[in-house]
Amino acid sequence: MSHKILSKRRLSEDVFTAEIEAPLVAQARKPGQFVIISINSEYSERIPLTIADADPERGTIRLIWQRVGKTTAELADMQQGDEIANVTGPLGKPTHIENFGTIVCVGGGIGNAPLLPITKALKKAGNKIISILGARNKELLVLEDDFAAICDELIITTDDGSYGRKALVTEPLKEVCQRDPKSDQVVVIGPAIMMKFCCEVTKQFNIPTQVSLNTIMVDATGMCGGCRVEIDGKAKFVCVDGPEFDGHKVDFDLMIKRLNAYKDQEQQVYEQYKKHRCKIGLDK
Ligand code: FAD
Ligand code: FES
Ligand code: MG
């Protein structure tokens with residue numbers, strides 16, 4: 001079964017969203033889960049993307065992705081009416097949702113996309129939500145309105161001060177952690193380095209912290225080992241044991257090293273793709 005793109009929109013220079021036909025996934029998915037897509041055929045690269053939202057009645061899921069390399073660029077070049085060959089899911093363990101009390105939801109860059117469905121579900125369960133969203137600059141900040149609609153408090157930071165507060169997310173996070181009464185839980189999703197430093201902050205205050213790990217994935221069935229991470233010194237597979245883990249137990253340095261393992265090859269194929277799309281007149 002192929003999966004038609006029913007609508008597609010650009011959210012910023014490099015961030016796109018699309019509504020895709022995937023009735024079985026739309027019915028079964030829970031917040032925190034993801035799909036693996038392959039664009040053209042069984043021979044295409046497989047990439048994981050979070051199910052940002054779903055409409056079981058329409059039989060659709062919403063994906064939000066940042067163009068960072070060849071496959072995310074290929075997806076960005078697809079149009080309404082085009083079909084994605086494979087959408088496999090829902091995968092991964094759903095987020096544990098309950099009324100914990102006050103939750104701080106911290107998103108960095110495209111991390112806001114996987115954070116949104118979790119934040120929505122936590123709000124629906126009755127939690128008070130304080131969101132801290134960070135981006136390198138104003139243009140790169142996405143989904144601010146979606147968060148504003150569900151949060152009790154929203155703090156925006158940019159690295160260059162072009163919007164919100166000029167700071168890294170760790171600065172307001174530390175201030176929120178210092179408040180009395182203490183927040184009950186923190187959820188952080190973003191680049192591995194940002195999750196690492198946020199976890200260092202919350203550890204000082206002994207606030208339980210969940211992170212969603214964005215390791216490289218291939219099969220997403222726990223067999224290839226591509227997504228292996230170390231949690232509390234033990235090997236875990238993000239695709240089947242995660243993607244969410246106790247952030248205070250993650251070996252982020254190992255994860256960052258493994259994320260960069262194929263950088264040269266990734267860059268090479270992306271350059272080739274950019275030349276190809278330029279030749280066929282897709283460059284814009
Ligand atoms: P490449 O140039 O191939 O790679 C760029 C970087 O992306 C790499 O250095 C590596 O860090 C990472 N990457 C490369 N291949 C893979 C792969 N097969 N699996 C995972 N990471 C890879 N991104 C979003 O924009 N939106 C999302 O909702 C989202 N959800 C994710 C959920 C999960 C559970 C995981 C693990 C990742 C998620 N990602 C998401 C990251 C996304 O999968 C990568 O950005 C994408 O695979 C990059 O592919 P590329 O070919 O365009 O880039
Ligand atoms: Fe292969 Fe997780 S992606 S084991
Ligand atoms: Mg790739």
Side-chain angles (χ1 to χ4, degrees), residues 10-18 20 29-40 43-54 61-78 86-95 107-118 135 140 142-143 146 189-193 195 210-229 231 235-245 250 252 255-274 277:
R10 199 173 195 152
L11 298 179
S12 75
E13 174 67 23
D14 281 318
V15 178
F16 302 82
T17 181
I20 291 155
R29 79 99 205 191
K30 292 201 169 68
Q33 292 187 299
F34 63 95
V35 288
I36 288 264
I37 68 160
S38 50
I39 289 180
N40 295 316
Y43 301 108
S44 297
E45 181 177 47
R46 294 157 63 84
I47 64 159
L49 293 174
T50 300
I51 305 162
D53 209 347
I61 58 168
R62 183 182 180 204
L63 302 178
I64 303 172
W65 71 98
Q66 182 165 14
R67 180 167 56 184
V68 291
K70 177 179 181 262
T71 305
T72 47
E74 260 185 296
L75 189 59
D77 286 336
M78 293 179 85
N86 292 299
V87 176
T88 308
L91 297 166
K93 290 190 173 153
T95 308
I110 192 64
N112 294 357
L115 186 64
L116 184 62
I118 296 171
L140 297 176
V142 290
L143 304 174
D146 299 72
I189 311 186
I193 190 79
M195 293 193 281
Q210 298 298 313
V211 292
S212 180
L213 301 182
N214 54 337
T215 51
I216 290 178
M217 289 188 183
V218 185
D219 67 340
T221 63
M223 287 194 282
C224 74
C227 65
R228 180 172 52 81
V229 283
I231 311 291
K236 295 277 177 194
F237 297 132
V238 175
C239 63
V240 287
D241 300 318
E244 276 167 43
F245 293 96
V250 176
F252 282 107
M255 180 185 157
I256 291 166
K257 205 165 132 199
R258 285 176 58 79
L259 267 176
N260 289 325
Y262 306 104
K263 272 267 180 273
D264 292 345
Q265 292 92 331
E266 286 159 357
Q267 229 150 9
Q268 212 178 331
V269 292
Y270 192 23
E271 288 311 317
Q272 276 166 8
Y273 181 71
K274 281 198 265 192
R277 67 193 294 283

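Counting convention: from 1, in listed order, for ligands and their atoms alike. Note that these values count all heavy atoms, side chains included, but never hydrogens, waters or copies made by symmetry. We number each residue from 1, following the sequence as shown.
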Least distance between heavy atoms, [X] atom then [Y] atom:
X    : Y   : value
V142 : S12 : CG1-OG, 4.0 Å
L49  : L75 : CD1-CD2, 3.8 Å
T50  : L63 : O-CD2, 3.5 Å

Would you indicate whether the side-chain heavy atoms of [Y] and [X] approach each other to under 4.5 Å?
X    : Y    : value
I47  : I37  : yes
M195 : N214 : yes
S44  : E74  : no
F245 : V238 : yes

| said: Using the side-chain hydrogen bond (donor to acceptor under 3.5 Å, both in side chains) definition, which of the options T88, T71, N86 pairs with S38? | reply: N86
| task | Any pair with a residue in residues 235-245 that passes side chain to side chain donor-acceptor pair (under 3.5 Å), sequence neighbours left out, goes on the list, sorted by first then second residue, please. | result | T95-E244
| task | Starting at OG1 of T72, measure out to OH of Y273 and round the result to the nearest 0.5 Å. | result | 9.5 Å
| message | Can a donor-acceptor pair be found, under 3.5 Å and without considering hydrogens, that links the side chain of R67 to the backbone of E13? | response | yes
| query | Can you check whether R62's main-chain N or O pairs, donor with acceptor, with D53's side chain at less than 3.5 Å? | reply | no
| request: Run through ligand 1 for me and note each protein residue having a heavy atom under 4.0 Å from it, chain first, then residue number. | output: F34, E45, R46, I47, P48, L49, T50, I64, W65, Q66, V68, G69, K70, T71, T72, I110, L213, N214, T215, I216, M217, L259, K263, E266
| said: What protein N/O/S atoms are there under 2.8 Å from atom 1 (Fe) of ligand 2, waters excluded? | reply: D219 OD1, C224 SG
| Listed protein N/O/S atoms, distance to the Mg ion (ligand 3) under 2.8 Å | E45 OE1, E45 OE2
| query | Distance only, no hydrogens: is a donor on one side chain within 3.5 Å (strictly under) of an acceptor on the other, for R258 and T215? | reply | no
